[in-house]
Q: 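I have a structure I would like to understand better, so I am pasting it below and will then ask my questions one at a time.
What you are looking at is a predicted structure, and each value in this text was computed from that prediction instead of being measured. A, B, ... follow the sequence lines: proteins, then strands. Residue 1 opens every chain. Side-chain atoms are counted along with the backbone in the values below, which use heavy atoms only and exclude waters and symmetry mates.
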Protein chains: 2
Amino acid sequence: MTELFLSRKHQVMEIAAAHGLNPGAMNALLFLQPGEPCSMRTLADAWKCDASNVTWLVDRLEEHGLAERRPHPTDRRVRTVALTRKGTKTRAQIESKLFEAPASVRDLSEHDLETLDRILRKLAPSPETLS
Amino acid sequence: MTELFLSRKHQVMEIAAAHGLNPGAMNALLFLQPGEPCSMRTLADAWKCDASNVTWLVDRLEEHGLAERRPHPTDRRVRTVALTRKGTKTRAQIESKLFEAPASVRDLSEHDLETLDRILRKLAPSPETLS
DNA sequence: TATTGTTATACTCTATAACTATA
DNA sequence: TATAGTTATAGAGTATAACAATA
């Protein structure tokens, strides 16, 4: 079990490094939704980290041209963070790598996969199935 | 999915902090097997980190009285790391917390649990089932 | 000559505190 | 007065390089 946990950690770090990002910045990128700019404060709450750390992480994303700060339309204190075109593309690439099924899962039979899907949905209901 | 990954990360950090350990030191503790001392070099390879970092992590474990350095019986260059009695006990406590089934899993029916077990065994075969 | 482990040191990531600007 | 974000700074954790002891 520890093995599995650790290998996942290393896999995540490798995917991040392949794009020149640290794991924190990669998570930041994944949290941002295309076309939905997000305030720094929201990001700090979502990532359960300090606001100053968000400043640093968003700086990293901006350096890579993946995101950009924009003024908030009504509250001039707020700066929103939006994905750039490059950021949207990179985010999609990372997501597909990160959630790609490992070989052992792809080797499961169609029947096993459907059963697995049915049971796992009980563990982590998608937003659509929540009341 | 990202949510799940992050919440797991925070859970792991909380369990480590409850024992005054950082996540790295906790992983170190979990890797050590009672009655099976392990060289520093082996640990560095296992955790894919630098040897100097192992020195630091084992220092943390020794400070907490969880592990101790011992000479290698034949190679005087090598220092092995062994769990103390306290380390063995703490390790067991952490392991049970870390791998405790979440409420959503405990709520599954007996039948679903058996099915899940059958399918998951195909993904991560235990050492016994490996050829 | 190669390997094990440690020390000295620097770098990355994160948090705390003080600050500016808005609300 | 409270909140959003930044800057300055300190701390934890990790890596690199140089070193001593041993193989």
Q: Measure from the side chain of B:L57, starting at C-beta and using heavy atoms only, and say which of C:dA15, D:dA23, D:dT14 lies closest.
A: D:dT14
Q: Check every atom of C:dT4, D:dG5, D:dG13 against the side chain of B:R77 and return the nucleotide holding the closest atom.
A: C:dT4
Q: Starting the side chain at C-beta, find the nucleotide from D:dG13, D:dT6, D:dA4 nearest to B:N22.
A: D:dG13
Q: Rounded to whole Å, how long is the line connecting atom CZ of B:R69 with atom C1' of C:dT4?
A: 12 Å
Q: Output yes when at least one side-chain N/O atom of B:R60 is less than 4.0 Å from OP1 or OP2 of D:dA12, else no.
A: no
Q: Can you tell me how far P of D:dA23 sits from CZ of B:R41, to the nearest Å?
A: 17 Å
Q: Which is true for B:T42 with a 4.0 Å heavy-atom rule: it touches a base, it touches only sugar-phosphate, or it touches nothing?
A: nothing
Q: Given side chain to side chain contact (heavy atoms under 4.5 Å, CB included), test B:R118 with A:D112 step by step and report yes or no.
A: CA-CA 9 Å; B:R118 180 181 60 76; A:D112 276 351; 3.4 Å; yes
Q: A:T55 side chain: which of D:dT6, C:dT7, C:dG5 is closest?
A: D:dT6
Q: Measuring from the side chain of B:S52 (C-beta onward, heavy atoms only), which nucleotide among C:dG5, D:dA15, C:dC13 has the closest atom?
A: D:dA15
Q: Starting the side chain at C-beta, find the nucleotide from D:dT7, D:dT3, C:dT14 nearest to A:W56.
A: C:dT14
Q: Rounded to whole Å, how long is the line connecting atom NE2 of B:H72 with atom C1' of C:dT3?
A: 13 Å
Q: To the nearest Å, give me how far apart CZ (B:R79) and P (D:dA23) are.
A: 14 Å
Q: Choose from C:dA15, C:dG5, D:dA2 the nucleotide whose nearest atom is closest to any side-chain atom of A:D50.
A: C:dA15
Q: Name the residue closer to the 5' end of DNA chain C, choosing between A:R76 and A:C49 according to the nucleotide with the nearest heavy atom.
A: A:C49
